[in-house]
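Here's the structure, in structure tokens; my notes come after.
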Amino acid sequence: MAGPTTAERGERQARQDPGSGPPRPPLLKRLPKPRKLIIPVVCLALLAAGCLWVLYGSQWLRVERVSASGTRVLTPDQVVEAADVPVGSPLISVDTDVIEARLRRKLPRIDSVDVVRSWPHGIGLKVIERTPVLIAEKGGKFIEVDAKGVRYATVSRAPKGVPALELTVPRSAGLRRFGTDRLMREAVRVAGSLPAAVARDTQVVKVRSYDSISLELSGNRTVLWGSGEKSGVKARTLGALMKAAPEARHFDVSVPTAPASSGS
């Protein structure tokens, strides 16, 4: 019997050794030709250059107007002037953080500000002004103090509806220990915690010591508050006490777990 032919032996060998088939073309021959990559790369480069030119070099996206909103005491013109936004510069290049810092430095009345780009030509300045919770008289003028204890403005006329701070602290070890600034912060903490209805009626916040803060309300009413600690609890207790004894003239919440009222 005749043995397997050469072709049969090759086929059998291919089945036994799959890797021994016909030679494949070299890897380099299968890769895209460099000329086929040039066109996409050039297109991407041109697109990037065009975008950069539109953002920085063209006249299409430049600052043409600056507006301010949210002002109450300040005017929009004051805010815009203090911001000193570089009109005519590319909108993308405006450093909003620098403008925000500049506004807070030049206008301490501003509590926070958000500088936003309004494409294609605007910059918006969204301002939140500080709100006074106390005023301190000094030299015939009035210093406004916000809920954070920041003394941010001196005005010639006291704003309406804001209680006056009265520091009547004797020269004692207590004053040396806490200091005027600390006592003012305690008074601010008390004033900032008052319910809206009580805050409207509060005319004076008196501070005699760290543990002796009191309020003078309209209608010859007084509140003994004690220290500024637990002011939130004391405020809620005072609100409940006033509802329970609406005719009372004197309230004591210095110990909020044992409040008292008297007078009529």
Side-chain angles (χ1 to χ4, degrees), residues 37-136 138-139 141-162 165 179-182 184-189 191-193 196 199:
L37 295 175
I38 292 176
I39 294 177
V41 170
V42 170
C43 290
L44 288 174
L46 290 175
L47 179 61
C51 290
L52 289 174
W53 179 81
V54 169
L55 290 172
Y56 290 94
S58 75
Q59 298 298 319
W60 300 338
L61 302 176
R62 292 184 175 267
V63 180
E64 294 181 0
R65 61 182 181 275
V66 182
S67 61
S69 61
T71 56
R72 292 183 291 109
V73 178
L74 297 170
T75 66
D77 288 344
Q78 286 177 306
V79 175
V80 170
E81 182 180 355
D84 194 21
V85 177
V87 176
S89 62
L91 191 60
I92 191 67
S93 69
V94 174
D95 193 327
T96 57
D97 291 338
V98 169
I99 293 174
E100 290 173 8
R102 183 184 299 140
L103 280 171
R104 288 194 298 268
R105 184 180 69 254
K106 289 185 175 181
L107 301 175
R109 186 175 290 277
I110 293 178
D111 186 22
S112 65
V113 57
D114 190 16
V115 180
V116 296
R117 296 180 179 87
S118 180
W119 300 93
H121 301 298
I123 289 289
L125 310 171
K126 299 180 179 180
V127 169
I128 297 178
E129 294 186 18
R130 299 182 189 274
T131 300
V133 297
L134 282 177
I135 53 172
K138 184 177 181 180
K141 293 187 179 295
F142 302 91
I143 302 171
E144 294 180 318
V145 186
D146 72 357
K148 300 174 184 176
V150 177
R151 289 170 279 190
Y152 60 90
T154 300
V155 295
S156 57
R157 182 178 299 178
K160 293 182 179 180
V162 182
L165 172 64
T180 302
D181 288 343
R182 173 68 184 278
M184 177 178 286
R185 288 196 298 270
E186 292 302 305
V188 166
R189 179 158 65 158
S193 68

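For clarity, every value in this text was computed on a predicted model and none was experimentally measured. Atoms considered below: every heavy atom in the structure, side chains included; atoms not considered: hydrogens, waters and symmetry mates.
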With sequence neighbours excluded, residues passing side-chain hydrogen bond (donor to acceptor under 3.5 Å, both in side chains) with Glu81: none

Partners passing side-chain hydrogen bond (donor to acceptor under 3.5 Å, both in side chains) against Thr131 (at least two apart in sequence or in another chain): Arg72

For the student: nearest non-hydrogen atoms of Trp119 and Leu91, plus distance: CE3-CD2, 3.3 Å

Contact check, side chains of Thr71 and Val79, non-hydrogen atoms, under 4.5 Å: yes

Set of residues satisfying salt bridge (charged side-chain N to carboxylate O under 4.0 Å, His left out) with respect to Asp111, sequence neighbours excluded: Arg130, Lys148

Closest approach of Ala136 to Met184 (non-hydrogen atoms, all atoms of both residues): CB-CE, 4.4 Å

Least distance between heavy atoms, Val63 atom then Pro86 atom: CB-O, 4.0 Å

For residues 96-109, which side-chain N or O atoms pair as donor and acceptor with protein atoms under 3.5 Å away, sequence neighbours left out?
| residue | atom | partner | partner atom | Å |
| --- | --- | --- | --- | --- |
| Glu100 | OE2 | Val115 | N | 3.4 |
| Arg102 | NH1 | Ala83 | O | 2.5 |
| Arg102 | NH1 | Asp84 | O | 3.3 |
| Arg109 | NH1 | Glu144 | OE1 | 3.0 |
| Arg109 | NH2 | Glu144 | OE1 | 2.9 |

Exercise: identify the closest heavy-atom pair between Val188 and Ala147: CG1-O, 3.4 Å

side-chain contact (heavy atoms from CB on, under 4.5 Å) against Thr154, all qualifying residues, sequence neighbours excluded: Lys141, Ile143

Taking every non-hydrogen atom, the tightest pair across Val145 and Arg151: CG2-CG, 3.6 Å

Heavy-atom side-chain contact between Ile123 and Arg117 under 4.5 Å: yes

Any residue meeting side-chain hydrogen bond (donor to acceptor under 3.5 Å, both in side chains) with Ser112, in chain and number order, not counting sequence neighbours: none

